[in-house]
Amino acid sequence: MRIKQLEIDNFKSFANQNTIPFLDGFTVVSGPNGSGKSNIIDCILFALGLSTSRELRSEQGAGDLISTHNKRNEASVRVTFALDDEDELIITRKIKRTSHGVQSTYYMNDKQCTFTQVCSELEKYNITSNSHNVIMQGHVTTIANCSPKERRQYLDEIA
Amino acid sequence: MRIKQLEIDNFKSFANQNTIPFLDGFTVVSGPNGSGKSNIIDCILFALGLSTSRELRSEQGAGDLISTHNKRNEASVRVTFALDDEDELIITRKIKRTSHGVQSTYYMNDKQCTFTQVCSELEKYNITSNSHNVIMQGHVTTIANCSPKERRQYLDEIA
Amino acid sequence: KKDEFIKTFNVVNQNFKDIFPLLSEGEGELVLENPSDPFSGGLVFRASIRDKKNQKLAAMSGGEKTLTALAFVFAVQRYLPAPFYAFDEVDMHLDGPNVEKLAKMINIQAKQTQFIVVSLRKPMIDSADRMIGVTQKGKGVTKISGVSLKEEIKQEAG
Amino acid sequence: KKDEFIKTFNVVNQNFKDIFPLLSEGEGELVLENPSDPFSGGLVFRASIRDKKNQKLAAMSGGEKTLTALAFVFAVQRYLPAPFYAFDEVDMHLDGPNVEKLAKMINIQAKQTQFIVVSLRKPMIDSADRMIGVTQKGKGVTKISGVSLKEEIKQEAG
Ligand SMILES: Nc1ncnc2c1ncn2[C@@H]1O[C@H](COP(=O)(O)OP(=O)(O)OP(=O)(O)O)[C@@H](O)[C@H]1O
Ligand SMILES: Nc1ncnc2c1ncn2[C@@H]1O[C@H](COP(=O)(O)OP(=O)(O)OP(=O)(O)O)[C@@H](O)[C@H]1O
Ligand SMILES: [Mg+2]
Ligand SMILES: [Mg+2]
């Protein structure tokens, strides 16, 4: 299993539609400060529901994730996974600014579903908000700095 | 005014006596990971009383600042400032492990003094624990991430 | 439950012992604070880099903590791989030679799993299979400037 | 007291406006949350880097936050310099060109005050007046490997 592509629409600094293909092996993402590298990682965390708004650097809530480059009130990220048996798993998350706040909707293989369904599906593939498979900028030493108990609890989860 | 030299004795990874001269202008300190670069900054913070033990990465208290490379139970750092009028100001701090814990003693121009005397002398030269003239590893974005109130309070101090 | 845990711990610990020397010139192992009742205690790193004796984790440097933390992540990956790894500037505390060591390690691990690594450091960029370039267009809009490097070269080489 | 504060604020703000464009291709200013009663509110940065409109500080990238924070430190330094500045890897989030900009800025500020900067980045090392090399000897003992570079060259040049 691996990420096959990201389709980003109006999320953070990605105004309009962007499609980023991903291949197997080792891909490096590079570019000047402020160009949008961490925002790509944020796309993945957002779509899979692995992070809170605060962790995605949107202090005033999910509304700050919608691009300020145009007047649109919605944003979405669609992650396509290539599964080992040629099949695909697609997780999409859309947010929309309404008069009652920001609504967030999840889709699995383009059918609306709940956040809990997304979590339990991803858990089958060892993707959880605690798995250290995503390390955000500045957090690499967190595992060394956290308490011994927290570190052991991490092993509990994978045992 | 500037730092003229550091005399480090048995502090952290500096086993035995070390003297580091400093000149005016722009000095860069470089070398491999774990070689002792941040420990030089820690020497300055320790001697001038600008940091707590925890900030100096000695979680179990000041005893961890004494070098483990030999059996000695004491360490000291002596900072010599060159003043504008050819005069000098020397601040020394010594720590000693005793049966009652770790004792810390300050000296100003080689005469024993109190921590408060050191603070009020350094304040005359705008050196305080709040002045951002020392930025520890990993803390460069702290000023951007702290609350607006904290940032304003910093200006209060220098007004 | 305890048996499961101990079994997992032993495998991950062995992985950690194998991987740690590859990342740093040192030795490391995982230690349970209370081996007879693991759930009442925590898990600590016992590591010593470049012949240093009994290093306290809290006293380690930024680079040393980075290598220790990543050795643990890789040790767990070998036991139970996630489908992908996304690292954002994990090499920021590392000196040149250690960036190279980490890049080599990622290359080995990337044979099993997908790695997406944001980096500004040349040794890391040079050792990847391919690079996704990111730039800013106009007033702050992100533009992906293409997927390049070895992939195209490999294809051209036929 | 309030008058003193406003006077200080205005000078530091002017410095910040001057310095910010030198460090980043952008504009920045300091804003009081409550200008009529400054002590009841805080101080915020209003910055926009490379033509981005109304950037929220929280949404800025690691590199952008670094440049904003350092512009503030330099703005205060110009108003009330400390006798020395000691920076530990403040360039770790910066890309190559921004490390160069910061190094140039430190060179300007170092005419007034002493700067001691720990860095692993080549553009920073290359632009210093001199370098203190630090290495590890034996089982973890720090050894200072001498003060080199431009000082000696300057002396040799006579
Ligand atoms: N909702 C939004 N609309 C438009 N732009 C946004 C939005 N949220 C964040 N940004 C912009 O995205 C940029 C940050 O991008 P990102 O953090 O991905 O940069 P980066 O490439 O990781 O940089 P660095 O190398 O400094 O870490 C900031 O300049 C920020 O202003
Ligand atoms: N009391 C002590 N006795 C002996 N060694 C110590 C003591 N305290 C800390 N150390 C050692 O000092 C080293 C850390 O040095 P320091 O943090 O200065 O490295 P650095 O050069 O800044 O590295 P980096 O580039 O990774 O930040 C560690 O390896 C640590 O084990
Ligand atoms: Mg980033
Ligand atoms: Mg350091």
Side-chain angles (χ1 to χ4, degrees), chain B residues 1-3 8 12-16 18-41 44-45 67-69 81 125-128 131-145 147-156 158-159, chain D residues 4-5 7-9 12 32-33 38-39 41-45 57 60 62 65-66 68-70 72-73 76 79-90 92-93 106-107 110 114-120 124-125 127-136 139-142 144-145 147 151:
Chain B
M1 182 179 177
R2 66 176 168 84
I3 294 181
I8 310 167
K12 283 200 162 191
S13 54
F14 293 92
N16 315 322
N18 280 273
T19 300
I20 310 177
F22 284 99
L23 296 162
D24 227 338
F26 181 5
T27 303
V28 80
V29 177
S30 204
N33 287 138
S35 55
K37 302 181 297 293
S38 296
N39 287 347
I40 293 175
I41 307 271
I44 298 170
L45 293 167
S67 178
T68 58
H69 294 297
F81 289 102
Y125 302 103
N126 301 320
I127 302 174
T128 70
S131 56
H132 293 291
N133 67 323
V134 182
I135 300 180
M136 296 175 81
Q137 191 167 353
H139 291 202
V140 65
T141 52
T142 308
I143 302 170
N145 290 333
S147 77
K149 248 209 160 68
E150 276 171 277
R151 217 175 286 137
R152 198 216 66 231
Q153 282 162 351
Y154 177 56
L155 273 195
D156 297 355
I158 63 170
Chain D
E4 274 305 311
F5 177 83
K7 227 175 65 204
T8 302
F9 171 77
V12 175
L32 289 170
E33 286 182 330
F39 301 111
L43 174 74
V44 290
F45 295 122
L57 185 69
M60 275 189 184
K65 278 185 185 164
T66 297
T68 307
L70 289 173
F72 182 65
V73 172
V76 168
Y79 172 72
L80 189 67
F84 72 92
Y85 286 78
F87 290 166
D88 196 346
E89 299 191 25
V90 294
M92 71 185 178
H93 287 292
I106 292 177
N107 250 322
Q114 180 183 45
F115 275 82
I116 300 166
V117 178
V118 176
S119 176
L120 301 172
M124 188 66 73
I125 295 168
S127 60
D129 296 330
R130 71 197 67 82
M131 180 172 98
I132 293 178
V134 180
T135 56
Q136 176 185 324
K139 296 201 181 317
V141 177
T142 294
I144 304 295
S145 60
V147 181
E151 212 59 29

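Below, chain A is the first sequence line, B the second, and so on; all start at residue 1. Because the structure is predicted, anything quoted here is derived from the model rather than measured. Basis for what follows: all heavy atoms, side chains included, without hydrogens, waters or symmetry-related copies.
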- [ ] Please look at D:Val73 and chain B and tell me whether the side chain, the backbone, both or neither of the residue comes under 4.5 angstrom of a heavy atom of that chain.
- [x] side chain
Task: B:Ser35 to D:Gln136 - nearest heavy-atom pair and separation - done: CB-N, 4.0 Å
Open item on the list: Going by side chain to side chain contact (heavy atoms under 4.5 Å, CB included), name the residues that satisfy it together with B:Thr141, two or more places apart in sequence or in a different chain.
Closed with: B:Asn145, D:Lys65, D:Thr66, D:His93
Task: Approximate separation, where rounding is to 0.5 Å, of D:Phe39 CZ and B:Arg152 CZ - done: 6.5 Å
- [ ] Would you name the heavy atoms of D:Val90 and B:Ile135 that are closest together and state the gap between them?
- [x] CG1-CG2, 3.9 Å
Task: Residue pair D:Pro83 / B:Tyr125: nearest heavy atoms and the distance that separates them - done: CD-O, 3.1 Å
Task: Minimum heavy-atom distance between B:Ser38 and D:Asp88, given as atom pair plus value - done: OG-OD2, 2.7 Å
Open item on the list: Checking the side chain of D:Asp129 only, and the main-chain atoms of B:Phe26 only, is there a donor and an acceptor separated by less than 3.5 Å?
Closed with: yes
TODO: Rounded to the nearest 0.5 Å, what's the gap from CZ on B:Arg151 to CZ on D:Phe45? Could you check?
DONE: 4.5 Å
Task: Portion of D:Phe72 that has a non-hydrogen atom of chain B nearer than 4.5 angstrom - done: side chain
Open item on the list: Looking at B:Gly138, is its backbone amide N or carbonyl O close enough to the side chain of D:Glu89 to form a donor-acceptor pair, meaning the two atoms are under 3.5 Å apart?
Closed with: no
Task: Spacing of B:Ile40 atom CD1 and D:Ile132 atom CD1 [to the nearest 0.5 Å] - done: 6.0 Å
Task: D:Ala69 to B:Ala144 - nearest heavy-atom pair and separation - done: CB-N, 4.2 Å
Task: Nearest heavy atoms of D:Ser119 and B:Ser30, plus distance in Å - done: O-OG, 2.7 Å
Open item on the list: Does any backbone or side-chain atom of D:Val12 lie under 4.5 Å from a heavy atom of chain B? Answer side chain, backbone, both or neither.
Closed with: side chain
Task: Residue D:Thr142 versus chain B: region with a heavy atom under 4.5 Å - done: both
